[in-house]
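What follows is a set of notes on a single structure, which appears directly below.
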Amino acid sequence: MLGGLTNGNQQPAITVNHLTMAYGSFVLMRDLNFMINHGDIFIIMGGSGSGKSTLLRNLIGLNEPAGGEIFYGDQNFTKAGLAKRQEVLTGVGVLFQSGALWSSMTLMENVGLPLEEYTDLNPDQIREIASLKLALVGLKGFEDYYPSEISGGMQKRAGLARAMALDPEIFFFDEPSAGLDPISSRLLDDLILDLRDSLGATVVVVTHELASIFTIGNNSIFLDAETRTMIAGGDPKDLLAHSKNPTVHRFLTRGEGERL
Amino acid sequence: MDIKAALNQFSFDHRDDSTLVVRLSGAWRLGGEPSSAFLADCERQLSAQIRVVAFKASELISWDSSVIVFVVQLSGLCYRHGIHMDRGGLPPGVRRLLALAEAVPEKKGARKEAAKATFLEHVGHTAIGAGDSLGEMLKFLGEMAVTFFRLVRLRVRFRAVDLFLLVQQCGAQALPIVTLISFLVGVILAFVGAVQLKQFGAQIYVADLVGIAIVHEMGAMMTGIIMAGRTGAAFAAQIGTMKVTQEIDAFTTMGFSPLEFLVLPRVIALIFMMPLLCLYSDFVGVLGGATVAVEMLDLSWTTYVRETIHAISLTDLFGGVFKSSVYGVLIALSGCLRGIQCGNSSSAVGDAATSAVVTGIVAIVGACGVFAVVFYVLGI
């Protein structure tokens, strides 16, 4: 059985039914079915070019699915209008691959802008909250820096602070450890676990970093570029132990013990 | 020893009738003689009896990819002739790299089709492409119209700081280039007029010619073209880069419309700055004309100014200023449109900037033509 392996009584946070993704006439992935439960750290894994990031873009509405549906709770996201989608997305925080901080604004303004927009807080309160979020990711004191003045790893953390601004229930991380040194990437993993444990957030992570996959993930799907669909799902540790699928097994063991 | 002479040396040996031995010697470098020349030599050596090609590399001093390329090509040649290739004589490093190069078979369908499109196909693709881009443009304009409607109802959101920064960028910071170009255009017009009018002793009418041309047409037009090159390109590059770095995606997922947040302040900035720049350009252009008249035609400053004031009406002035405002909208929209359409690479940002300037200038000249007809019909 693929996907939806942890059955709680609760409704899943995200349900994906028969999702097909395509660029023009080129079908990237077809027939994706899975559920993401509340409190999951859900890993989207697969080789390079298998459409992991595209799946994430579909989930947050940046790309339109070529077929199938995405539900947030019982809300049909794919069929929803602009206003409804926006309402759903205010409960979602996204960390893009390179941070995607707005380069014309300071870190403070980056984190503060969503607060300004969606809350009635006064500027002092916004400053305070933004400072707190930056402190949470270890960037206390960098409030007035511009994104170009800090390192790539710091940009990524600042991007996370911005994603956390509105205390979303669901986080999306696109390749969080890409371009980070092992220690920073480990710290980011800890942060993700903290988000889940302290805020009860649901986290969806696109990654192919094995260390992260096993440390943080408790549910996953595996996208296969060859067959153009998902070929496995469930707890990555179980997959490592029990998956009969040679592609999945090779991926999770880095193909060690065999001649590539 | 002559270094050049020792590059990419090889010769042939025949161990027996059926074996051709290729002896590689000297230093093999990519910069040396290309292997395609050697290949022809090898082909000549392949007679009907030869069943095996082998190598001898004991005199090979050093090697790089040139050896690999040579061997791969030779291997293809042998395959075509049904000859076996014995790689035992090659250095172990070369053998390993060859094995690596041949380990993964060519992926079927990965090679791009080099098929040449027929003329009709080409026309069809171009037409479909043009239709698509027209559709995109209309969608953009439609969305901008909605955004403007929200602006009128004061329901838009963008940062005032951004607007002020943009006003500074496309206002004050454009003054030097506008000064230079406008002054020179004034000077050129005065020269052209002076040469002709002097023949009739009608030098004084240089003031009319320069005044009317600048205020009615050239001031707005030159400012428009300068701003299309300067600011339109900058808009496209800024927004295009934001697209590449996913900043636009971040706006979208957080519920900020990029059109409201990025495009609208740019359009507003140019709507307000273009008329000011145009007025300034009018003034500097007339000044340029006056300089020529005073220096060359012995007119006095006062005569020139009086004649200019006499020649141009307020309607001319406002007409020009109004046009410049419209040009401003066109420049901002074409710059932002190309930025929003930008692809996901650094070269796409360059294309977007180029395309923004071209679109902007075409739009300005087109609008200029429309204005000429409309103003004529209205009798302005």
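Hydrogens, waters and symmetry mates play no part in the numbers below; they use all other heavy atoms, side chains included. Predicted model only: the values in this text are computed from it and were never measured. Here is the naming used below: chain letters follow the sequence lines, and residue numbers restart at 1 for every chain.
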Atom pair CZ (Arg57(A)) and OG1 (Thr252(B)), whose distance is rounded to the nearest 0.5 Å: 8.5 Å
Closest approach of Thr253(B) to Gln86(A) (non-hydrogen atoms, all atoms of both residues): O-NE2, 3.8 Å
Over 12 non-hydrogen atoms of neighbours within 6.0 angstrom of CD in Glu169(A): no
Approximate separation, where rounding is to 0.5 Å, of Ser103(A) OG and Glu247(B) CD: 3.5 Å
Closest contact, heavy atoms only, Ala100(A) versus Ala250(B): O-CB, 3.9 Å
Leu138(B), CG atom: more than 12 neighbouring heavy atoms under 6.0 Å: yes
Separation of Met254(B) CE from Trp102(A) CH2 (nearest 0.5 Å): 4.5 Å
Greatest number of heavy atom pairs closer than 4.5 Å to chain B - which of Leu113(A), Leu166(A), Val94(A): Leu113(A)
Residue part contacting chain B, namely of Ser98(A), when any heavy atom lies under 4.5 Å: both
Under 4.5 Å from a heavy atom of chain B, the part of Arg162(A) involved: both
Residue Ile60(A) versus chain B: region with a heavy atom under 4.5 Å: both
Residue part contacting chain B, namely of Tyr118(A), when any heavy atom lies under 4.5 Å: side chain
Nearest-0.5 Å distance, CG of residue Leu166(B) to OG of residue Ser104(A): 9.0 Å
Side chain, backbone, both or neither of Glu116(A) within contact of chain B (heavy atoms, under 4.5 Å): neither
